[in-house]
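Comments concern the structure below.
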Amino acid sequence: MLEIADVIKDSIAGEMGLAKGDLILEINGEYINDYIAYQYITADERLDILVKKLNGEYWELNISRTPGEELGIIPSGIIYDDLKLCQNNCLFCFVKQQPSNMRESLMLRDDDYRFSFLQGSFITLTNLSDKEFGRIIELKLSPLNISVHTTNPSLRVEMMKNPAAGKIMEQLKRLAAAKIEFNTQIVLCKGINDGKELDRTISDLISLYPAVKSIGIVPVGLTKYRDKLSKLLSYDNVAAREVVKQVQNWQGLIKKRYSSNFLYCSDELYLLSTYKLPVYDDYNGFPQLENGIGLTRQLWQKFKSLTSTLPEKISDKKIIGIITGLLGAEALKPVVNRLKQINNLSVSLIPVRNAYFGQGVTVTGLLTGQDIIKRLKDIDIKEIIIPGIALNEEGFFLDDIKLEDIRKKYIDKNIYVCSNIEELVEVVSDG
């Protein structure tokens with residue numbers, strides 16, 4: 001059932017006496033199981049709403065409104081029934097590579113098509129009933145974000161340990177025929193779904209254009225918590241170069257055939273391979289930023305637009321250290337080199353090795369509080385910038401250490417949090 005998170009002041013809902021904490025049981029006789037259903041049914045001008053008030057009373061409200069008049073209810077969350085969980089046992093599942101003491105929300109393996117449509121998460125399509133598949137098509141829930149990994153049916157079953165995984169091309173073709181668009185991702189596992197298998201997957205996916213909006217390729221992330229899991233290999237410089245070169249060949253074919261590219265490698269593959277990143281326009285609107293595809297190029301482009309605002313000199317001498325993951329350090333080098341040109345300003349990168357998850361994890365977003373605390377022990381710099389991407393909205397790192405814990409540990413340091421390049425520039429250049 002739908003719980004009301006808040007009610008807009010002076011709205012219809014407010015005038016009818018609805019309030020935070022009330023439960024909506026039915027609208028026009030229908031149970032509302034998610035935000036999609038709520039949006040569709042509340043588009044009607046006449047609404048009969050069954051409500052359970054916070055005090056236990058049941059109200060039946062009959063609402064008539066003019067077209068476009070706002071109802072004023074702010075729902076709590078987007079899923080009001082059972083979350084669809086992942087039924088796969090993927091070789092590369094990152095959730096299963098985490099220590100057992102991680103907070104519960106980080107161990108949740110959702111695979112819900114509603115999250116995919118509303119929030120952009122990737123789903124596998126392996127747990128969809130015919131009814132749910134039909135709902136996607138009927139309501140035109142597009143675009144979706146789909147984890148493909150391989151279009152080889154037997155290999156996908158092997159990689160995901162789920163007999164339902166082999167139907168992926170059949171499912172994608174059904175979506176395409178219904179004019180449902182989708183972004184796709186391939187988590188690349190060395191020696192398993194790369195090489196010729198990657199060629200097959202790319203070939204199959206581009207045959208679905210224009211339904212396929214993008215294809216993103218990311219290397220498997222491996223932590224140190226894999227004792228009872230399948231043995232997988234990380235991508236090194238040589239292997240990453242092979243993948244990038246292979247993808248570049250396909251990109252040339254795609255551009256020639258469709259006049260625009262929609263196949264992308266993650267920043268991690270480029271930074272590992274030492275190949276140059278694509279230019280800004282080649283990312284075509286950056287459809288897979290959440291997958292780490294184009295973040296570096298976007299950062300460089302934004303910083304370039306800010307360079308005209310940088311001072312030649314700051315009034316007081318300042319020494320700043322920027323905390324970053326190992327790959328993040330590579331992305332930030334051009335930025336730091338430019339900032340060093342400001343007189344009276346000294347900027348240093350402080351790469352942090354990820355002891356918590358293992359040294360195979362090099363992205364900044366997975367840095368933990370304890371690893372940052374250990375790294376700062378050897379740093380004399382007083383002004384420290386911590387990347388906001390490593391913190392959640394409540395100020396916690398993945399290991400449940402709080403930002404304030406670091407500040408208390410190092411009371412002699414000024415610790416800032418920067419969530420974007422604009423905030424970083426403001427901190428380092430404010431003399």
Any side-chain to backbone donor/acceptor pair from Ser142 onto Glu181? Under 3.5 Å, distance only. yes
Sub-3.5 Å donor-acceptor pair from the side chain of Lys224 to the main-chain atoms of Ala355, do we have one? yes
Within the side chain of Tyr416, is there an N or O that forms a donor-acceptor pair under 3.5 Å with the backbone of Glu383? no
Please list all pairs meeting side chain to side chain donor-acceptor pair (under 3.5 Å) that have one or both residues in residues 156-173, counting only residues at least two apart or in different chains. Asn88-Asn162
Is the shortest distance from a Lys or Arg side-chain nitrogen in Lys245 or Glu242 to a carboxylate oxygen in the other one below 4.0 Å? no
Is the backbone N or O of Ile415 less than 3.5 Å from a side-chain atom of Arg407, with the two atoms forming a donor-acceptor pair by type? yes
Which word best sums up how the rings of His149 and Phe92 line up, parallel for under 30°, tilted for 30 to 60°, or perpendicular for over 60°? perpendicular
Closer than 3.5 angstrom, by distance alone: can the side chain of Ser273 be matched with the main-chain N or O of Arg241 as a donor-acceptor pair? no
Side chains of Asp199 and Gln246 in contact at under 4.5 Å (non-hydrogen atoms): yes
What do the steps show when you test Ser154 against Asn152 for side chain to side chain donor-acceptor pair (under 3.5 Å), and what is the final call? CA-CA 6 Å; Ser154 59; Asn152 180 334; 3.0 Å; yes
Working to the nearest 0.5 angstrom, can you tell me the gap between Ile406 CD1 and Ile384 CD1? 10.5 Å
Would you say that Asn127 contacts Tyr113 through its side chain, given a criterion of any heavy-atom pair below 4.5 Å between the two side chains? no
Over all heavy atoms of both residues, which pair between Leu367 and Phe397 is shortest? Give the atoms and the distance, please. O-CD2, 4.0 Å
What distance do Leu233 atom CG and Leu222 atom CG have between them, rounded to the nearest 0.5 Å? 8.0 Å
Note, Val363 side chain near Glu268 side chain (heavy atom, < 4.5 Å): yes
Can you find a heavy atom in the side chain of Asn183 that is under 4.5 Å from one in the side chain of Gln288? yes
To the closest 0.5 Å, what do you measure between NZ (Lys96) and CG (Leu229)? 7.5 Å
For residues 334-352, run the donor-acceptor check on the side chains, cut-off 3.5 Å, and write out each pair with its distance to 0.1 Å, sequence neighbours left out.
residue: Asn337; atom: ND2; partner: Lys333; partner atom: O; Å: 3.3
residue: Asn344; atom: ND2; partner: Ile314; partner atom: O; Å: 2.9

Within the distance-only criterion (no hydrogens, no angle test), does the side chain of Tyr410 pair as donor or acceptor with the backbone N or O of Ile373 below 3.5 angstrom? yes
To check you understand the geometry: which heavy-atom pair defines the closest contact between Leu299 and Ala331, and what is its length? CD2-O, 4.5 Å
Inter-residue atom distance Asp44.CG - Ile27.CD1, 0.5 Å rounding: 9.5 Å
Within 6.0 angstrom of Asp380 CG, more than 12 heavy atoms from elsewhere: no
Close side-chain approach of Val247 and Gln251, heavy atoms under 4.5 Å: yes
Flag if over 12 foreign heavy atoms under 6.0 Å of CD, Glu394: yes
Should Lys84 and Asp34 count as an ion pair when the cut-off is N to O under 4.0 Å? no
Would the distance check show the side chain of Asp267 and the main-chain N or O of Thr296 forming a donor-acceptor pair, the cut-off being under 3.5 Å? yes
Over 12 foreign heavy atoms within 6.0 Å of NZ, Lys409: no
Determine whether Leu172 and Leu125 satisfy the following criterion, side-chain contact (heavy atoms from CB on, under 4.5 Å), listing intermediate values before the conclusion. CA-CA 9 Å; Leu172 294 178; Leu125 304 180; 4.3 Å; yes
Here the gap from Ile386 atom CD1 to Leu376 atom CG, rounded to the nearest 0.5 Å, amounts to 6.5 Å
Thr184 side chain to Ser147 backbone, donor-acceptor under 3.5 Å: no
Can you give me the closest heavy-atom contact between Val212 and Leu205, atom names plus distance? CG1-O, 3.2 Å
Asp371 vs Asn354 side-chain heavy atoms within contact, under 4.5 Å: yes
Value for CD1 (Ile206) from OG1 (Thr201), rounded to nearest 0.5 Å, stands at 11.5 Å
Measure from the side-chain N and O atoms of Tyr40 to the backbone N and O of Leu139, and report whether any donor-acceptor pair falls under 3.5 Å. yes
Taking atom CD of Glu426 as the centre, report whether more than 12 heavy atoms of other residues, nucleotides or ligands fall under 6.0 Å from it. no
Can you list the steps and then say if Thr151 with Asp204 is a side chain to side chain donor-acceptor pair (under 3.5 Å)? CA-CA 7 Å; Thr151 54; Asp204 285 343; 2.6 Å; yes
Can you confirm whether Gln97 sits close enough to Val361 that some side-chain heavy atom of one is under 4.5 Å from a side-chain heavy atom of the other? no
If you look only at distance, which donor and acceptor atoms sit under 3.5 Å apart when one is on a side chain in residues 276-284 and the other is two or more places apart or in another chain?
residue: Asn284; atom: ND2; partner: Asn261; partner atom: O; Å: 2.7
residue: Asn284; atom: ND2; partner: Tyr264; partner atom: OH; Å: 3.3
residue: Asn284; atom: ND2; partner: Asp282; partner atom: O; Å: 3.3

May I ask you to check whether over 12 heavy atoms, not counting those of Ile79, lie within 6.0 Å of atom CD1? yes
Are Ile385 and Val428 side-chain neighbours, meaning at least one heavy-atom pair lies under 4.5 Å? yes
Examine distances only and state if a side-chain atom of Asp378 and a backbone atom of Arg375 form a donor-acceptor pair shorter than 3.5 Å. no
